[in-house]
Trainee: 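Dumping the structure here so I can ask a few things about it.
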Amino acid sequence: MNTATPHAWRHWRLERHADGLAWLTLDRADAAVNALSAEVMAEFSAVLDALQADPPQGLVIRSGKAAGFIAGADVDEFSELRTPGQARALVERGWHLFNRLAAVPYPTLALIRGHCLGGGLELALACRYRLAVDEPGTSLALPEVMLGIFPGWGGMRRLPALIGPPAALDMMLTGRPADARRAAALGLVDAKVPPRLADAAARAQVRSGKAPRRARGPAGWLDLWPLKLLVERRALRQVAAKDPQGHYPAAAAIVTLWARHGGNALRAPDIVDRILTSDTARNLLRVFRLQERLKTNGKPAADAAPVRHVHVVGAGTMGGDIAAWCALKGLAVTLQDQDAARIAPAIGRAADLFARKLKDPRAARAAADRLTPDPAGAGVARADVVIEAITEQADAKQALYRAIEPRLKPGALLATNTSSLSLATLRQGLAQPERLVGIHFFNPVAKMPLVEVVRAGADGGDAQARACAFVGQIGKLPLPVRDAPGFLVNAVLAPYLLEAMRCVDEGLAPETVDRAMTDFGMPMGPLELADTVGLDIAMAAGRQLTDQAESPRCLSERVARNDLGRKTGRGFYAWQGGKPGKGQAGTPPAGLALRLVRPLIERAQQQVRDGVVADADLADAGVIFGTGFAPFTGGPLHYHATASAPAARTTDQAAATPPAAP
Ligand code: NAD
């Protein structure tokens, strides 16, 4: 049936079938995923030339990679942009090429299986039809905004025309992905198809002669002038409400490029220059790379078997949620506590998590079936990983290890979720001390991407590497750290929180202190964070992790009154329904943000010097993904080295210098 391709492209394979259809497969050479590099794009242009010379009756574009369709533009090339001219050339390349694809006289179809992101989705949008293969990995998104840039290869024009501006702006301004089911519901694809019928469905669809989809009715009208100006105003208001300081200028640029320039960035070269060569874009790209680096830490060794069964001891705040997360990610999980009644609340929370994350009720039921209450601890003997998350007391933990170690499978990992205890102490008394590792999740487990993986001693390298692979397997970002008080993240947070409390002692309102940091770009102010963590825990951590013998007055007074924050309903704020009741924040004094962030930066430097993390980049990655530290800065140490270098050095200077970043 097939005739072999006469062309020698490195990345594309063109097959012409006897039925008149052409199948074009992208299988980028020397890479595990398809990214649209300059070379891949140039070859695609050559493919279109060849097809123009001898047009097929239809063209199906698909991927030769198991990982997915196309992951987007090549970020390595993006990071090499130095001048506005280079930035514009990059936009031009994709814009013109995909316009050419959209204009070919024969019908075209993108057969999407797995990830279809950024430039990959823009390529698919330039096809007449799209089909999404209905399987778990299928995910369509325009995540450019998360890199501080915009979908400049036609996405800003074609997506609103296809699914209507409200849904399109939502996708472009959040970067949120759509799975096959949602993509079909949005009209982003013509249909979702089961994997085994994908090729046949593609053949039928590309020959169907159907008109291409586009948004109709009110959703379609909103893409027309002057209604789009109303949508623009509303969207810009929402963008400003979410990012009042304008730390992330790409979002507003996307709205304006769509509303005023027909989605064609080439019509607004000033915006292209400003956005693509901005510090924000550079720093967000850095954060993306840091994330990739953490993911690499989470890759298993070639010969390693994946973890299938996890046993969690302690069904409290952390253990319960860790168990639920592991079940969500497909593992068999047994959950132990002192009795069944203490496990029940965790099972209830897990059901909520499954319903929220797995929209399909059958998938949610399957996840619930994977999570088994196990008060007797029978799962210990079957588990590949045992995670201890019981009360923070060294003797209790050691007693537990003594009881379970003889029952562990050979080769099973024994992990502790301790926040503050020394692993060197905890492993005393183990027959095989080298098997203990710290797997330190953050609260709330389902939201926080980072997990610190703590090596307990010089002999613990193998356990740490395997624990990192396990963390990667459950979709979290592992950060290898050395056993030291507070590891990385809590160690840097403690002096920052204490400095914020000293400001309250000096008479500033908590609201004003918190506002200084949310204006700086933190997701939450330090005092709200302290209330969330619990002031008793913050006080203990502060004592342990800083040399100050005395806690700030505002902290000790509250702890003495048992006003411990969110959990008791009162701390720096009065809490109701999980939300802090805040009064009006005053304007933070100049330099306040830098004063607060300085101890955090200094402690991060200290942790690098002490070898708690391997290098400054990993420290930045840990602080960003473990605390939400303003990503547009590129991380605290990067920020210190660039934006704030002179001002962040001393408190006096900082107070006299207007904040650079906010
Ligand atoms: P928690 O008090 O909510 O839960 C602890 C659970 O362990 C309780 O349900 C208790 O009944 C159970 N338990 C105690 N001894 C046990 C035993 N011998 N066998 C079986 N179950 C036993 O505590 P948590 O906040 O979930 O903290 C657990 C661990 O996680 C601690 O080491 C803590 O330092 C660490 N941690 C906590 C947080 C947090 O924000 N809460 C964050 C990171 C790490």
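Computed over heavy atoms, backbone and side chain alike; hydrogens, waters and symmetry mates excluded. First listed ligand is number 1; within each ligand, the first listed atom is number 1.
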Trainee: If the threshold is 4.0 Å, N to carboxylate O, is there a salt bridge linking Arg482 and Asp610?
Mentor: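 Salt bridge absent between Arg482 and Asp610.
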
Trainee: Does Lys476 qualify as a cation-pi partner of Trp325, given the criterion of NZ or CZ under 6.0 Å from the six-membered ring centre and within 45 degrees of its axis?
Mentor: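 Yes - Lys476 lies over the ring of Trp325, closer than 6.0 Å to its centre and within 45° of its axis.
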
Trainee: Name the option, out of Arg342, Gln336, Met318, that contains the heavy atom nearest to atom 39 (C) of ligand 1.
Mentor: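 Result: the heavy atom closest to atom 39 (C) of ligand 1 is in Met318.
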
Trainee: Can you find an N/O atom of Thr317 closer than 3.5 Å to an N/O atom of ligand 1?
Mentor: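 There is such a contact, yes.
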
Trainee: Out of all atoms in ligand 1, which are within 4.0 Å of some heavy atom of Glu392? Include the element for each.
Mentor: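 Here the atoms of ligand 1 in question are 31 (C), 32 (O), 33 (C), 34 (O).
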
Trainee: At less than 4.0 angstrom from any non-hydrogen atom of Asn443, what atoms of ligand 1 do you find?
Mentor: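 Answer, ordered by atom number: 39 (C), 40 (O).
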
Trainee: If the cut-off is 4.0 Å to any non-hydrogen atom of Gly314, which atoms of ligand 1 fall inside it?
Mentor: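 Taking each heavy atom of Gly314 in turn, ligand 1 has 7 (O) under 4.0 Å.
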
Trainee: Just to be sure I'm reading this right: ignoring hydrogens, which of Ile387, Ile322, Leu400, Asp337 gets closest to atom 8 (C) of ligand 1? Compare them by their nearest heavy atoms.
Mentor: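 That would be Asp337.
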
Trainee: Can you check whether Phe442 and Phe625 have ring centres sitting under 6.0 Å from each other?
Mentor: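 That pair fails the under 6.0 Å test.
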
Trainee: What atoms of ligand 1 come within less than 4.0 Å of a heavy atom belonging to Lys397?
Mentor: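 It comes down to these atoms of ligand 1: 31 (C), 32 (O).
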
Trainee: When you compare the side chains of Asp563 and Tyr573, does any donor N or O come within less than 3.5 Å of an acceptor on the partner?
Mentor: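 No pair is found: no donor N or O on one side chain lies under 3.5 Å from an acceptor on the other.
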
Trainee: Given side chain to side chain contact (heavy atoms under 4.5 Å, CB included), test Phe487 with His440 step by step and report yes or no.
Mentor: CA-CA 9 Å; Phe487 312 127; His440 183 227; 3.8 Å; yes

Trainee: Which ligand 1 atoms does Phe441 reach within 4.0 Å, using its non-hydrogen atoms?
Mentor: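 In order of numbering, the contacting atoms are 43 (C).
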
Trainee: Does Val313 approach ligand 1 within less than 4.0 angstrom via side chain, backbone, both or neither, non-hydrogen atoms only?
Mentor: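 Contact part for Val313 vs ligand 1: side chain (C-beta onward).
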
Trainee: Between Phe632 and Phe520, how do the two ring planes meet: parallel, tilted or perpendicular, split at 30° and 60°?
Mentor: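 Tilted: the ring planes of Phe632 and Phe520 meet at 30° to 60°.
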
Trainee: Under the criterion side-chain contact (heavy atoms from CB on, under 4.5 Å), which of Val310, Ile347, Thr334 is the partner of Leu371?
Mentor: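 Answer after filtering Val310, Ile347, Thr334: Ile347.
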
Trainee: Tell me which protein heavy atom sits closest to atom 36 (N) of ligand 1, plus the residue, atom name and distance to 0.1 Å.
Mentor: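 The answer is Ser419 OG, 3.2 Å.
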
Trainee: From atom 31 (C) of ligand 1, work out which of Asp339, Ile390, Thr418 has a heavy atom at the shortest distance.
Mentor: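 Answer by nearest heavy atom: Ile390.
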
Trainee: Would Glu602 and Tyr496 count as a side chain to side chain contact (heavy atoms under 4.5 Å, CB included) here? Give the steps.
Mentor: CA-CA 10 Å; Glu602 286 174 354; Tyr496 162 68; over 6 Å; no

Trainee: Would you say atom 23 (O) of ligand 1 has a protein heavy atom nearer than 4.0 Å?
Mentor: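 Protein heavy atoms within 4.0 Å of atom 23 (O) of ligand 1 - there are none.
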
Trainee: Given Glu528, which of Arg515, Lys582, Lys579 fulfils the salt bridge (charged side-chain N to carboxylate O under 4.0 Å, His left out) condition?
Mentor: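 Result: among Arg515, Lys582, Lys579, Lys582 is the only option passing the salt bridge (charged side-chain N to carboxylate O under 4.0 Å, His left out) with Glu528.
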
Trainee: Starting from atom 14 (C) of ligand 1, which protein heavy atom do you reach first, and at what distance in Å?
Mentor: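 Nearest protein contact, heavy atoms only, for atom 14 (C) of ligand 1 is Thr391 OG1, 3.1 Å.
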
Trainee: Which option wins on minimum heavy-atom distance to atom 13 (N) of ligand 1: Glu452, Met448, Lys567, Gln338?
Mentor: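 Result: the heavy atom closest to atom 13 (N) of ligand 1 is in Gln338.
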
Trainee: Above 12 or not: heavy atoms from other molecules or residues under 6.0 Å from CZ of Arg176?
Mentor: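 Not buried by this count: 12 neighbours or fewer within 6.0 Å.
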
Trainee: Pull out every atom of ligand 1 sitting under 4.0 Å from any heavy atom of His440, numbered as shown with elements.
Mentor: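 Result: 43 (C), 44 (C).
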
